[in-house]
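Beneath this line is the structure, given in C-alpha cells, with notes to follow.
In this text the structure is predicted, and so the values were computed from the model without any measurement. Every number for a ligand or one of its atoms is a count from 1 in the order of the listing. Positions are given from 1 along the sequence.
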Amino acid sequence: MVRFTVLASGSKGNCTVLSGGRTRILVDAGLSCRELFRRMKLAGEEPATLNAIVITHEHQDHVNGLAVTARKLGIPVYFTEATHRAWMRWLQPRRQMSYAQWLEMVRKQAAERQAEPEAAIEAAETDPDEAEVENPPLSAVASRSDAAPDRAAIDKALEDAPDPAGCRPPTLKENPSWLPAVEYFQAGRPFSIGDICLNPFTIPHDAADPVGFVLSSEGVRMGFATDLGYIPPNVREQLRDLDLLLLESNHDLEMLRDGPYPWSVKQRVLSRVGHLSNDAASQFLAADYDGQAAYVILGHLSENNNLPELARVAAERALLGRASLLANRLLLAAQHEPLSAISF
Ligand SMILES: [Zn+2]
Ligand SMILES: [Zn+2]
C-alpha cells in the first residue's frame, strides 16, 4: 500500500511522509524533530520506521529539524550537492570556507562515518545542545522519551561499540552539520530509495539548487511542486500522469500587494524565483494540467497573504467540470495540523 501524509505545509515548516512497499521516507524536515514525531504519531506513522530523509532545498521551513531528526533516527539524508553545501553554510554562517576546505570537510566526515557505522545509532536524544539548534516546537506535547527510538536498541549499540567515547558522533555544538550519512542526487536523474523511486526536477526558486519530485511506488505516481516562482515547461512536463499532485498555492495577489510585508519581500515572493500565486496555480490547473490525478492538494499557503477559501475557490474554478469520484478531489494542506493520510 502507498500512503502519502502531509504533516505540515507552509512558511513555518514543510514535511511529508511517504510509505511505499517496505520503504518509508520523509520529504523535507521543516518541523522541529519533536513536533515532527508528534505529528507522525498523530497521523498513525511510526518515526522509528523511517528509512531516509529527502530534502528539496535548504530554506529553513524545509530543514529546520533535519539534523536532530536524522541523528536521532540514524538515517541517511538525500540532497543535491549544492543544497547540502548551502545547508552547511546556513548552520555555520560565521565560518568562511573555500571550496577546497569544504571538500576536505566532507571527505573527513565520510571517513568518520565509515569508521564508525554503529555510532550513527547514538541519538542526539541525550544531547544538551539540541534545544539550541531546534526551534521551539509549535506545540510541546510529545515528551523527549515519547519521541525517542527504541532505547534498548540504542543502549545495546553503545555497549557493543568498542570504545564508546572514541566513537561518539560530534554533538550539535561541536559540528552542527554532522549527519549519520549523506547521499547526493541530481535533478534530472531518477534514483531509488528501497521501494520508492524519485525523479527530481529543477524548479525556479531562490535557493542553491531547488527541486520538485515525482515520487512513484507500486505504480502510484505523486507529483511534488511547491516553492516555485512560476511553472516552466520542464515542470509542466513532469506533472503529468499523476495519481496525486501537491501544488503550491502560496498567495492571493491582492492580499500580498496590500499586505504587511516590506516591498522588498513582496518583490521576492512575486518574482520568477519566489512562490506560486493562487492565480498561477489555477492557470496551470486550467490550461496545462492533464486532469488525471485522483487528488490535487494545494500547499504552502501563506498565513499572511492568503486565505484557504481563496485558494480553494480559485482551484475549484480552474478544475470546473473535472472533479469526480475518481479524479481531482481537492484538498488543502495546512500549517498547524497533518492532512489525513491518502492511501492508494
Ligand atoms: Zn518553503
Ligand atoms: Zn523555499
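Protein N, O or S atom count below 2.8 Å of the Zn ion (ligand 2): the structure gives 4.
Comment: Glu337 does not engage Arg39 in a salt bridge, judged by the lack of any side-chain N to carboxylate O separation of less than 4.0 angstrom. With respect to the salt-bridge test (charged N to carboxylate O, under 4.0 angstrom), the residues Arg240 and Asp290 do not qualify.
For His300, the N, O or S atom closest to the Zn ion (ligand 1) goes by the atom name NE2.
Listed by chain and number, the residues in a side chain to side chain donor-acceptor pair (under 3.5 Å) with Thr49 are Arg24 (sequence neighbours excluded). Looking at residues two or more places apart in sequence or on another chain, you find no salt bridge (Lys or Arg N to Asp or Glu O under 4.0 Å) involving Glu254.
Side chain of Asn328 to main chain of Arg322: a donor-acceptor pair is present (N/O by atom type, distance under 3.5 Å, no hydrogens or angles).
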List, one per line, each side-chain donor-acceptor pair under 3.5 Å for residues 308-316, sequence neighbours excluded.
none

